[in-house]
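What's counted below: heavy atoms across the whole structure, side chains too, no hydrogens, waters or symmetry copies. In each ligand, atom 1 is the first atom listed, and ligand 1 is the first ligand listed.
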Amino acid sequence: MDRIRIRGGRQLSGTIPISGAKNAALPLMAAALLLDGPLVLTNAPDLADIGTMGALLRQHGLVVEHDKVARTITLSGAATNLEAPYDLVRKMRASVLVLGPLVARYGQAKVSLPGGCAIGTRPVDLHLSGLESLGATISLDSGYINATAKDGLHGAKIIFPQVSVGATENLMMAATLATGETTLVNAAREPEIIDLAACLIAMGARIEGAGSDRIRIQGKAPLGAATHAIVPDRIEAGTYACAAAITGGEVVLGGARLEHLGAVARVMREAGVEVTEIPEGLRVSRLNGLHGADVMTEPFPGFATDMQAQFMSLMAVAEGASMVTETIFENRFMHVPELTRMGARIVIHGASAIVRGVPQLSGAQVMATDLRASVSLILAGLAARGDTVVSRVYHLDRGYEHVERKLAAVGADIERLPG
Ligand SMILES: CC(=O)N[C@H]1[C@@H](OP(=O)(O)OP(=O)(O)OC[C@H]2O[C@@H](n3ccc(=O)[nH]c3=O)[C@H](O)[C@@H]2O)O[C@H](CO)[C@@H](O)[C@@H]1O
Ligand SMILES: C=C(OP(=O)(O)O)C(=O)O
């Protein structure tokens, strides 16, 4: 298993190109099940999760070509197998996004229940009840979701009791092939939802309101081939913004957009980080000290849960105390014991962590437990005295493209230790 070694203390300077977003690319790939295609996705990142979604769609019968040099994914063909097996679904929860498109187009699907993961139990009840509202019959058997809609889906008004990115995506896709109008109320407003809607519209779908909490879909518009550029990864951008800030450096995040950072940019400014929009993307710098700032994770445009671990690393070396409250996932503080091993002073009280900043962290051997926890340890390593070695970086490779190359290119002392 590969590890990553970081020798801390280098200020970062230069430009980091921001890749296409993992969390946009995965639903966009699943959307290829809605039509024969081809669907051409440009600005595609080279990530383990993209490989997993490609493998899943191939075993459904699609032709998936990922040109890593041109950074395009071309998806075409029809599904010949309507089952998503446990072995692939367990690797990546976003696999459940094939459910809506499959049942909408083929009237039938069998998809393994994704189960929980390190950060929480992560049920899919909202995906399933939403599909039932659209007319699907759902049953659970031997760890699988069986969904049928022999006469097709029909439009409905679906009021989500809680905001869910994945359920909004699954139902928005399914509704494009349902008869009549579907309204999603209390829908997620993340930039990845807007990106998926833009791609579906490019295919011919009629969708209004994506980016607001009420999305209207007029189903059964004929869908055809489309080309779509994947939105830049706001979480990757936020992560590298923390890298610039934690090292007291200045970096340009090529292609990043301020409006996509939501509350993250505001809180970073509050903590003493300069974030400026420039034609190339965002310039992030920290010339003076960092101050503690409180955050609470919320659906977009609130502070992203996917930025919580990285921000906690930053607060670990800020002056004063910060309170970090996680409201989305019940088990997303697994980076805390590892950061503590590096000298951070953090105590957890229920869903909140109190971070008392220390002047300096010290390098240590630490273990990655999930995607964002892994990168938070790399950030801490960039600021720490001495060497940090992060193990289990396969978590990191799910969602960060060439992290060591991108950071080394702006001056970090970082290398991958193949294992
Ligand atoms: C591939 C992808 O895009 N992943 C992102 C997506 O995950 P994902 O789509 O899984 O997250 P959701 O927005 O659905 O989850 C939000 C909350 O709703 C709960 N919930 C969700 C669905 C459901 O049927 N029932 C239910 O109770 C979840 O357990 C969680 O507490 O949004 C999360 C929240 O921004 C991010 O952290 C993930 O990086
Ligand atoms: C939690 C994440 O992803 P996933 O939903 O794929 O587990 C993430 O991107 O931080």
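- Residue Leu126 has at least one N or O atom closer than 3.5 Å to an N or O atom of ligand 1.
- One option in Met92, Lys22, Arg122 has a heavy atom closer to atom 7 (O) of ligand 2 than any other, and that option is Arg122.
- With sequence neighbours left out, the salt bridge (charged side-chain N to carboxylate O under 4.0 Å, His left out) criterion links Asp195 to no other residue.
- Taking a 4.0 Å cut-off on heavy atoms, Arg332 registers as neighbouring ligand 2.
- Under 4.0 angstrom from ligand 1, there are no non-hydrogen atoms of Glu192.
- Nearest to atom 13 (O) of ligand 1 among the protein's heavy atoms is Val165 N, 2.7 Å.
- Each of the atoms 9 (O), 14 (O) of ligand 1 lies under 4.0 Å from some heavy atom of Gly166.
- Not a single heavy atom of Arg93 sits under 4.0 Å from any atom of ligand 2.
- Ion pairing between a basic and an acidic side chain is recognised when a charged N comes within 4.0 Å of a carboxylate O; Arg332 and Asp306 show such pairing.
- The N/O atoms of Asn23, backbone and side chain alike, include one that comes under 3.5 Å of an N/O atom in ligand 1.
- On a distance-only criterion, Pro123 and ligand 1 share at least one N/O pair closer than 3.5 Å.
- No part of Phe300 comes within 4.0 Å of ligand 1, judged by heavy-atom distances.
- Between Thr305 and ligand 1, no pair of N/O atoms sits closer than 3.5 Å.
- Under the side chain to side chain donor-acceptor pair (under 3.5 Å) test applied with Asp49, the options Lys91, Arg398, Arg93 reduce to a single match, Arg398.
- Shown in contact with Asp306 at under 4.0 Å from a heavy atom are these atoms of ligand 1, numbered in order with element: 36 (C), 37 (O), 38 (C), 39 (O).
- Considering backbone and side-chain atoms together, Lys22 places no N or O closer than 3.5 Å to any N or O of ligand 1.
- The protein atom (non-hydrogen) at minimum distance from atom 6 (O) of ligand 2 is Arg398 NH2, 2.7 Å.
- Close approach of ligand 1 to Val124 is summarised as follows: ligand atoms under 4.0 Å from at least one heavy atom of the residue are 23 (C), 24 (O).
- Those atoms of ligand 1 with a heavy atom of Arg332 less than 4.0 angstrom away are 37 (O).
- In this structure, the protein non-hydrogen atom closest to atom 9 (O) of ligand 2 is Arg372 NH2, 2.7 Å.
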